[in-house]
Every structure is written in C-alpha cells, then in structure tokens.
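Inspection log for the structure reproduced underneath, given as structure tokens.
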Amino acid sequence: MSILAALAQPLASSAQPLTATAANLVQSVDWPAIAPPTVAAVVGLVVLVADLFVGEPRKALLGWVSVAGLAAAALLLLPLLDGDRSTFCLTGDDSVCSYTADRFTLVVQFLVLGGALLAALLSVTTLKDADKGLPEGEYWFLLLSSAAGAALLPASRDLATLIVALEVASLPAFALVGIRPGDRRSSEAALKFFLSSVTATAVSLMGISFVYASTGTLYLTQVADRIQHVDGQLHTLAQTGVVLTLVGFAFKTAAVPFHFWVPDTYVGAPLPIAAYLSVVGKAVGFSGLILITVVALPSYADVWGPALAALAALTMTVGNVGALRQQATRAYSAVRLLAWSSVGQAGYLLVPIAAAAYSDDAEQSVGSTVAYALMYAAVNLGAFAVAALVGRTKAANRITDYRGLYATNPFAALLLAFFLLCLAGLPPGIIGLFAKVTVFSAAVDAGLGWLAVVMAVNVVIALFYYLQWTTLLFRAPEGEPAAHRVPAPLTAALALTGVLGVALSGAPQLVLRFADTGLF
C-alpha cells in the first residue's frame with residue numbers, strides 16, 4: 001500500500017495542471033458566426049458526393065449547386081452585421097478567441113465569397129466549353145474548399161488557425177491550376193505555384209514556431225502583449241520569428257521578389273481560376289499579413305514598417321514595368337499583362353499596411369487597403385470576364401485579339417474599357433481614382449513622402465499600357481470580325497462586375513465606410 005501511495009502522489013500532483021489545462025479548453029461555439037465558411041465547405045462535400053451518382057448529361061447541375069452555395073454563404077454575412085461576434089474562446093476569458101466576426105472579417109469574407117461566386121459563374125461556361133475535358137465534380141469541390149479556407153482566414157485570431165486556413169485556401173488552388181489533364185503548360189504552372197507556396201508555408205511555420213517559443217501563446221492579442229516583454233535570452237529568437245513570418249506572407253501576397261510564379265500560373269490555369277487567384281488569393285495573403293503585423297506584432301512596427309514600404313515600392317515598380325514590356329502579338333499576352341498588372345496592384349495594396357507602422361491611426365491605414373482591395377476585386381474580375389469571353393473564340397488570347405472588339409460586341413468592349421480605366425485611375429473609372437487617392441493619402445499622412453512619389457511614377461507608367469489596350473478596342477478590326485456569343489453565366493458575371501463598378505464610381509463614399517475595419 002505504501003508503494004501505491006507513493007506512486008499516487010506524483011500522479012495526483014500532475015493531475016492539477018491537467019485539470020487547469022482542461023479548464024481552458026475551447027468550449028463556446030457560435031454557429032451563426034461560422035456559418036459562411038461552413039456552408040461553403042459543406043456544399044463542397046455535397047457536390048463531391050453527388051458527383052458519384054449524377055450522370056454525365058446532368059453534371060452541369062453541380063455547377064449551379066456550387067453557385068447557389070456560394071451565394072447562400074455570402075448572404076449569411078448579413079445577420080452578422082449587427083455587431084462583433086467571437087467564438088471558440090477560452091473558458092473564463094471571452095477576449096481570447098480563435099474566431100472573430102468583426103467588421104474587418106465581414107468585409108474580407110464578402111470580398112472572398114463574392115469573388116468566388118463570380119469565378120464560379122465564369123467556370124460554368126468554361127466547363128461547358130471544355131466538353132468533359134475537365135472533371136466537374138473535383139473542380140467544384142476544390143473551388144468550394146478553397147473558398148471556405150479563404151473565408152475562414154480573416155476571422156482567424158490565433159496563429160494555428162491562421163496557418164490552417166491559409167493552407168485550406170491554397171492546397172485546392174494548386175490542384176485547380178493543374179486540373180487540365182495532359183496539358184504541359186498547366187502542369188508546369190501548378191508545379192511553380194506549389195513549390196513557391198510550400199516554401200512560403202515552411203518559412204511562415206518556422207517563424208510562427210519561434211514566436212510561440214518566445215511568447216508561449218498562439219493567440220494574436222496575447223502575442224501582441226507578451227512579445228513586448230520577452231526575456232533577453234529569447235529576444236533574438238523573437239526577432240527572427242517576426243522576420244521569417246513576414247517573409248512567408250510576402251510570398252503569399254506575390255510581393256517582389258517572391259512574385260516569379262504569378263505570370264506562368266495565370267497563363268497555365270483555367271481562366272476562371274486565374275481570376276480567382278488574382279482577387280481571392282490576394283485577399284487571403286493581405287488579410288493574413290494585416291492580422292500578423294497590425295494585430296499580433298504592433299510593437300515590431302519598426303521592423304515590418306520599413307520592410308513593407310520597400311517591398312511596396314519594389315513590387316509596384318517591377319509589376320508595372322513587367323506589364324509594360326508585354327508584346328501585344330505574343331500568345332496569352334492579355335492574360336500575362338493582367339498577371340503583371342496584379343503584381344503592380346499588390347504594391348499599391350502594401351502601401352497602407354506599411355503606413356500603419358508610422359501612422360497614429362493604424363486602423364484607418366488598414367481600411368485604405370481594404371477599400372482598395374474592394375475596388376480592385378470588382379474591376380479585375382470584370383476584366384478577366386471579358387478575357388474569358390474573347391478566349392472562347394481566340395484561344396491564344398493575345399492583346400491584338402481585342403482589336404475592334406467594339407465592332408463585334410460593344411457591351412463587352414465598353415465594359416473592358418471601363419475596367420481598364422478604373423485600374424488606371426482615370427475617369428469615368430472614378431472608383432479607381434478614388435481608391436488610388438485614398439492609398440496615396442495614407443502614405444502622405446504617415447510621412448512616407450518618398451513612397452507616395454514612387455507610387456505616382458508607377459501610376460503614370462501603368463497609364464500607358466492600360467490606355468494602349470483601351471484604344472485598341474475601338475480601332476477598326478483586321479479581317480473578318482469574329483462574333484462573340486455570350487452565354488448566360490458569363491453575361492451574369494459581366495453584368496454584376498459592371499453594375500458594381502459603375503455603382504461605386506457613382507457613389508465612391510460607399511468604399512470609405514470600410515475604412516473603419518473594427519480591428520481595434
């Protein structure tokens with residue numbers, strides 16, 4: 001008995017920390033708060049299972065179920081507008097949660113789910129044109145899974161959930177890029193995308209592990225508090241973790257010099273997936289970067305502020321110069337120009353985040369990034385929708401293929417001209433001008449005058465290639481003009497992006513309302 005008592009004593013003492021740990025286990029679940037990403041994931045599983053039982057003539061129904069699922073997920077954001085909600089919180093401390101549906105979360109989730117919905121509309125036509133050349137069930141499952149992960153990420157408030165959401169959004173995207181069977185260009189694009197993303201994830205995980213070792217927590221708010229009081233022996237470890245985490249997310253945002261995968265990936269992927277990556281992929285990367293820098297590491301603003309400012313200048317310059325160098329007669333030059341343009345736009349998106357390190361009102365600076373992202377999402381998806389339309393008759397999708405588009409399809413030509421002018425920041429694309437002024441003001445207010453000058457120079461560079469493409473639309477066509485029949489899903493995507501772009505240009509103050517992100 002004495003031996004048993006001796007054994008029981010350490011067991012009893014070890015049970016005390018176990019009991020304390022059990023008391024801190026996550027117990028609260030707010031189902032309405034997590035409904036948007038959950039619905040997208042559930043519909044994805046439903047589509048995957050249904051694919052086993054639906055015959056080939058009725059496979060198109062899977063696409064419409066997916067579109068309906070994404071629309072339902074977006075509509076479920078409306079009940080959450082009445083106030084901030086948090087779930088998966090530690091017992092006894094409601095301020096420490098893994099999932100928060102605040103204003104920032106809802107705006108980014110709207111952007112993500114709306115972008116996925118428009119990509120799904122484009123995909124319905126693409127899959128039909130492929131004539132069973134693409135596996136429909138797998139395609140829709142992967143798209144919905146990626147959208148679910150992308151919708152989860154802006155709500156993540158601990159580093160583990162952040163990384164899991166990032167990979168749930170990224171892993172299906174690899175497969176979507178390389179989903180064309182037997183297509184060498186598609187396989188090469190998927191491989192480049194995969195290797196760059198895996199490298200980014202590995203670097204981020206190492207950085208996060210260092211941050212966790214230094215602070216003893218994964219929750220962003222606790223990291224922000226504890227990393228300021230790290231023991232002297234762990235200070236270098238914490239600094240290294242901050243730098244590695246930032247480098248990893250720089251990959252995800254396609255910031256230079258981590259952008260090399262973008263042009264080939266956009267060209268090799270099905271066009272709706274390129275559109276999806278250009279908008280939703282960027283929303284994922286930038287929302288994660290905002291949460292890491294502004295929420296988790298505000299005390300290291302002297303580290304990430306200058307780094308992001310330099311990355312912003314380098315990214316916008318390389319992106320715009322790359323777009324400027326595209327040859328109009330080269331195969332897939334239209335898609336390549338949009339790819340390089342998206343790199344340049346990523347530089348503009350980085351400016352307000354860098355400004356948040358120097359500004360007294362970091363929330364307003366971050367809001368400028370969110371507002372710019374909303375403008376960019378609407379008009380860039382619209383430009384890809386017109387590219388998908390032209391690509392139905394001109395498979396090479398050269399810039400020269402757009403010559404005389406106004407003569408064959410005035411609606412598409414006028415919309416593309418409007419979208420390009422929005423991206424350039426010229427009237428009548430008022431929303432583009434408004435968004436650029438907002439970003440420019442964020443840099444000036446933060447004292448980053450040199451970055452504002454670099455941005456102004458890049459805006460002038462971008463004007464040239466955007467206007468060059470725009471004027472081509474209204475020139476006389478060469479040879480017999482090809483008629484562009486617009487299927488209903490593609491028409492819906494064009495109409496939605498056009499209406500959104502025009503509405504925001506008519507009332508740009510609507511975008512300003514998103515400047516209050518609710519992160520603090």
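Predicted model, so just to flag it, every value in this text is computed and none were measured.
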Which heavy atom in [X] sits nearest to a heavy atom in [Y], and how many Å separate them?
X: L144; Y: S66; answer: CD1-OG, 3.6 Å
X: A33; Y: Y99; answer: O-OH, 3.1 Å
X: Y332; Y: A395; answer: CE2-O, 3.5 Å
X: V262; Y: S342; answer: CG1-OG, 4.0 Å

Next item on the list: Could you list the residues that satisfy side chain to side chain contact (heavy atoms under 4.5 Å, CB included) with F258, not counting sequence neighbours?
Entry: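 F258 satisfies side chain to side chain contact (heavy atoms under 4.5 Å, CB included) with V247, A250, F251 only.
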
Next item on the list: Report the C-alpha separation of S365 and Y358 in whole Å, then their side-chain angles, then the decisive distance to 0.1 Å, and conclude whether the side chain to side chain donor-acceptor pair (under 3.5 Å) test is met.
Entry: CA-CA 10 Å; S365 297; Y358 303 90; over 6 Å; no

Name the atoms and distances for all side-chain donor-acceptor pairs under 3.5 Å in residues 193-201, with sequence neighbours left out.
from: S196; atom 1: OG; to: K192; atom 2: O; distance (Å): 3.1
from: S196; atom 1: OG; to: F193; atom 2: O; distance (Å): 3.0
from: S197; atom 1: OG; to: K252; atom 2: NZ; distance (Å): 2.5
from: T199; atom 1: OG1; to: L195; atom 2: O; distance (Å): 2.7
from: T201; atom 1: OG1; to: E167; atom 2: OE2; distance (Å): 2.6
from: T201; atom 1: OG1; to: S197; atom 2: O; distance (Å): 3.0

Check: More than 12 foreign heavy atoms under 6.0 Å from CD of Q228: is that the case here?
Finding: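 Yes - once you tally the heavy atoms of other residues, nucleotides and ligands closer than 6.0 Å, there are more than 12.
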
Note to self: I'd like to know whether CZ of F464 has more than 12 heavy-atom contacts from other residues, nucleotides or ligands below 6.0 angstrom.
What the structure shows: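 No.
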
Any side-chain donor-acceptor pair under 3.5 Å between [X] and [Y]?
X: T105; Y: R85; answer: no
X: S123; Y: Y276; answer: no
X: Y139; Y: D51; answer: no

Under 3.5 Å, side chain of [X] to main-chain N/O of [Y], donor-acceptor pair present?
X: T315; Y: V256; answer: yes
X: S333; Y: Q326; answer: no
X: D264; Y: E188; answer: no
X: D445; Y: A442; answer: no
X: K436; Y: A456; answer: no
X: S359; Y: A355; answer: no

Next item on the list: Quick one: list whatever passes ring-ring contact (aromatic ring centres under 6.0 Å, His included) with Y376, sequence neighbours left out.
Entry: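 With neighbours one apart ignored, the set is empty.
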
Next item on the list: Please determine which of I292, I227, T293 meets the side chain to side chain contact (heavy atoms under 4.5 Å, CB included) test together with V242.
Entry: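 Considering I292, I227, T293, a side chain to side chain contact (heavy atoms under 4.5 Å, CB included) with V242 is found only for I227.
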
Check: What residue among Q345, H259, R325 forms side chain to side chain contact (heavy atoms under 4.5 Å, CB included) with W340?
Finding: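 The passing option is H259.
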
